[in-house]
Amino acid sequence: MERIEKEEPRNDPGQARPAWDDYFLDIVGLVAKRATCRRRHVGAALVRDRRILSTGYNGAPSGLRHCLEIGCLREQNRVPSGERHELCRGLHAEQNAIIQAALHGVSVKGATLYCTNQPCVICAKMIINAGIVRIVVGGDYRDPLAEEMLAEAHVEVIRR
């Protein structure tokens, strides 16, 4: 039987230990520092039973030059944030976390995704098909279509 982690209340500032959601959001904040995107640094982690299954940050595929080295295709073409995701050399943090789990044979079914930003619609579709059941978001980026699809798929989304 799969165990689904439930939302925890935020800790009071005087408490010594962070709540689990805060703990994992802090970790994805650190993961985001590895990002090679010039526009936005995003970190993600897939967690089940309070154990990290995989992490990911946004950047070019392994072994390829990244935007910090060669410039940003989206900036060069003046592509607004949230549009034309295919015009980018990079993968999103959520995509990299799912791919890393797959690469190493780790199932993410029933997992919680912790992410510094709300997933876009492309990532939302991957999350749904990967069997991820809960997302905890730490940032303010919004994608209305992603929100709608995640709700329809009964993926719980918590904003912190």
Least distance between heavy atoms, Val137 atom then Leu25 atom: C-CD2, 4.3 Å
Verdict with supporting geometry, Phe24 and Ile52, side-chain contact (heavy atoms from CB on, under 4.5 Å): CA-CA 9 Å; Phe24 290 118; Ile52 296 173; 3.7 Å; yes
Enclosure of Glu152 CD (heavy-atom neighbours >12, cutoff 6.0 Å): no
Derivation of the side-chain contact (heavy atoms from CB on, under 4.5 Å) call for Ile98 and Ile132: CA-CA 10 Å; Ile98 292 168; Ile132 296 163; 4.1 Å; yes
Full working for side-chain contact (heavy atoms from CB on, under 4.5 Å) between Glu147 and Val157: CA-CA 8 Å; Glu147 290 174 344; Val157 178; over 6 Å; no
From CG (Asp143) to CD (Glu83), nearest 0.5 Å: 11.0 Å
For Tyr57 against Asn96, the heavy-atom pair lying closest together: O-ND2, 2.8 Å
Contact summary for Val108 and Ala130, nearest pair of heavy atoms: CG2-O, 3.6 Å
Ring geometry between Trp20 and Tyr23 (parallel below 30°, tilted from 30 to 60°, perpendicular above 60°): perpendicular
Ring geometry between His85 and His92 (parallel below 30°, tilted from 30 to 60°, perpendicular above 60°): perpendicular
Side chains of residues 58-69: which donor-acceptor pairs under 3.5 Å do they make with residues two or more places apart or in other chains?
{"unit_1": "Asn58", "atom_1": "OD1", "unit_2": "Val42", "atom_2": "N", "d": "2.9"}
{"unit_1": "Asn58", "atom_1": "ND2", "unit_2": "Arg40", "atom_2": "O", "d": "2.7"}
{"unit_1": "His66", "atom_1": "ND1", "unit_2": "Leu68", "atom_2": "N", "d": "3.4"}
{"unit_1": "Glu69", "atom_1": "OE1", "unit_2": "His66", "atom_2": "N", "d": "3.1"}

Verdict with reasoning, Thr55 to Gln100, per side-chain contact (heavy atoms from CB on, under 4.5 Å): CA-CA 7 Å; Thr55 63; Gln100 284 301 307; over 6 Å; no
From CZ (Arg39) to CZ (Arg74), nearest 0.5 Å: 5.0 Å
Closest non-hydrogen atom pair, Ala44 against Cys115: CB-SG, 4.1 Å
Candidate list Ile127, Leu53, Val133, test side chain to side chain contact (heavy atoms under 4.5 Å, CB included), partner Leu113, passing option: Ile127
Asp140 atom CG, over 12 foreign heavy atoms within 6.0 Å: no
Side chain to side chain, Ile70 and Arg89, heavy atoms closer than 4.5 Å: yes
Gap separating the CD atom of Glu94 from the CD1 atom of Ile99, nearest 0.5 angstrom: 11.0 Å
Shortest non-hydrogen separation from Ala101 to Ser54 and the atoms involved: CB-OG, 3.8 Å
Gap separating the CG atom of Asp49 from the OG1 atom of Thr112, nearest 0.5 angstrom: 9.5 Å
For the student: nearest non-hydrogen atoms of Val136 and Arg160, plus distance: CG1-CG, 3.6 Å
